[in-house]
Amino acid sequence: FTRWLVKKYWDKYNKTPNREAIKSVLSILEAKAVFGTAKHKLYNRVARRDENVIWYDLANDDWQVVEVDLNGWKILNKPPTLFKRYTHQKRQVTPSKSGNIFKLSDFLNIKEDDDWLLLYVYIVTCFIPEFPHPILNVYGPQGSAKSFLSKILREIIDPSHIEVCTLTNNVNELIQILDHHWFIFFDNISFISQKTSDNLCKAVTGAGFSKRELYSNDNDVIYSFKRCLGLNGINLISAKPDLMERSILIELKRIPDEKRRSEEEILKKFRQALPEILGGIFDILSNTLACKKDICLNQKPRMADFADWGSAVSKALGCKHEDFTSAYLRNIDKQNEEILLNDVVGLTVLKLIEDKGNFKGTPTNLLSELKNIAENSEIDVYKDKSFPSRSNILTRKLNIIKPNLEKMGIKITQNNGMERIIRINKNTVKTVLSSETPKTKEKQMSLDETVNFLKR
């Protein structure tokens, strides 16, 4: 603003104003802005100030936005004051009225029908603000085009000069990254700390963050936002229950060498198709707003708002809303299995119940039983830091994975009397790698086979 002011002065008087004059003018204008005019809440890329109207910032020099309502969508040349701009943002292409979201299938390496439906739903919901969106968790071997998928989604949802980002453990840096991006993909992650996992959970559900304002002793800068996030890595990045339960899992397969194409070639064709893909998204978004009022789910998973909106998007895509809910519930089952597969306590509890049917005893007794099972499976409980070293740590660990075990048909109860007793009872136990769904029925692995598989 100071530069703009200096230029205006130069254009009129052909000389530069002195520094004190600039400071005085800025102080006056700032005071008038704060106390003498209307207050506008500014949004990042997507805004919703009415139940049935959504705005999307094209981030071009003309400040055009796309307005989506029940009757369709249009480009506004003089929109209301809505958006704040950041230096990393790129302008979005002008969407085409002959839209087709399904053209996206030509550019992504996804095979399963469930994953396609969940991905289409996820993309459309990223254009709907003000509710918690799940984290898109993409994993697969080298050469499965994980980073490419991340870049493609970035260009569709929130184009930026920063195509993908490195996940930082510094809280203040992470908060600023999340605040400045509506949709951000963290690339090539091999490990997430518990603290970072907690902060990512807060970022999608809308918890507030604060930090001390620079050059002040007591002022706070408050951040409050709900963001759309993606993660990718060779292995499933996090088996931490809170983060996993806020995720959608998309597994990619390695692309055979004979089918591999250059990124430049694919990007060129994708960018030619992007106006149609984007126009198709806005068509679906308009239909979603119309379908939403008819959606009423009897049972809802943890990300309940996403389940509601996802059902409406599925209907707008031409599917039944039950198609989405079934695919999403199968994905949740997969999340639950992955949590237990990556948790040595969960695996040993499952093995204990498979062998004995139930357990009753003190936390110390249980720890001894689980340690024996782990050692018999050639798991070094002393080197494996995830295995609890004391009974009180085991109790806390059981509380964390208790909901996941219950989904596998195992119920844990504890009493807090003179002697603490843990009861573990079996209802209907599924094996950990069960793939049995209404659509598929594959061979199931026993827990011994599972442990050996993990060791290999």
Side-chain angles (χ1 to χ4, degrees), residues 42-47 56-59 83-92 104 108 118-119 121-139 145-193 195-209 211 221 223-233 236-238 240 242-244 246-250 252 267 270 274 278 281 303 306:
L42 297 181
Y43 299 85
N44 187 344
R45 189 63 84 168
V46 182
Y56 178 81
D57 185 15
L58 293 176
F83 296 104
K84 183 176 182 178
R85 295 278 176 83
Y86 295 95
T87 54
H88 73 86
Q89 289 179 317
K90 288 170 62 176
R91 62 175 295 167
Q92 182 59 281
L104 183 60
L108 298 180
L118 291 174
L119 185 63
V121 166
Y122 177 80
I123 291 171
V124 175
T125 58
C126 282
F127 290 77
I128 307 169
E130 299 178 1
F131 76 91
H133 296 72
I135 296 170
L136 193 67
N137 202 329
V138 179
Y139 65 104
K146 300 181 296 296
S147 295
F148 184 76
L149 181 147
S150 307
K151 294 174 183 178
I152 289 284
L153 296 187
R154 182 72 152 137
E155 287 207 27
I156 293 172
I157 299 166
D158 186 17
S160 170
H161 295 287
I162 303 170
E163 294 179 316
V164 290
C165 192
T166 301
L167 184 61
T168 174
N169 287 321
N170 183 293
V171 176
N172 288 338
E173 289 181 12
L174 181 61
I175 291 171
Q176 180 163 321
I177 290 169
L178 294 171
D179 182 61
H180 288 197
H181 298 256
W182 167 246
F183 172 79
I184 184 71
F185 229 110
F186 295 105
D187 186 46
N188 199 23
I189 303 170
S190 57
F191 173 76
I192 297 179
S193 68
K195 185 176 182 181
T196 301
S197 173
D198 292 342
N199 286 327
L200 293 178
C201 291
K202 292 178 183 178
V204 298
T205 54
F209 299 88
K211 65 178 182 179
V221 178
Y223 297 87
S224 181
F225 46 72
K226 294 184 179 79
R227 289 292 182 257
C228 302
L229 307 178
L231 310 170
N232 76 55
L236 193 59
I237 298 158
S238 175
K240 295 176 175 61
D242 271 0
L243 189 63
M244 186 71 80
R246 291 174 170 87
S247 297
I248 290 176
L249 308 184
I250 302 291
L252 304 184
L267 277 176
F270 165 73
L274 182 55
L278 196 61
I281 289 171
M303 302 295 282
F306 174 73

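All residue numbers in this chain count up from 1 along the given sequence.
Remark: the backbone N or O of Leu178 is paired with a side-chain donor or acceptor of Arg227 at under 3.5 angstrom. Side chain of His180 to backbone of His88: no donor-acceptor contact under 3.5 angstrom is found. Remark: side-chain polar atoms of Tyr56 are paired, donor with acceptor, to backbone N or O of Ile157 under 3.5 angstrom. A donor-acceptor pair under 3.5 Å is absent between the side-chain atoms of Asp57 and the main chain of Phe83, judged by distance alone. Side chain of Glu163 to backbone of Phe148: no donor-acceptor contact under 3.5 angstrom is found. Between the side chain of Glu155 and the main chain of Gln92, no donor-acceptor pair closer than 3.5 Å is present. Although no hydrogens or angles enter the test, the distance criterion places no donor-acceptor pair under 3.5 Å between the side chain of Ser247 and the main chain of Leu249.
Among the candidates Cys165, Cys228, Ser150, the single residue satisfying the side chain to side chain contact (heavy atoms under 4.5 Å, CB included) test with Phe185 is Ser150.
Looking at residues two or more places apart in sequence or on another chain, you find a side chain to side chain contact (heavy atoms under 4.5 Å, CB included) between Val204 and Ile135, Leu229, Arg246.
A salt bridge does not link Lys151 with Asp187: none of the charged nitrogens is closer than 4.0 Å to a carboxylate oxygen.
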Test side chain to side chain contact (heavy atoms under 4.5 Å, CB included) on Leu136 and Leu119 and set out the steps.
CA-CA 9 Å; Leu136 193 67; Leu119 185 63; 3.9 Å; yes

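Closest approach of Pro132 and Met303 over heavy atoms only: O-CE, 3.7 Å.
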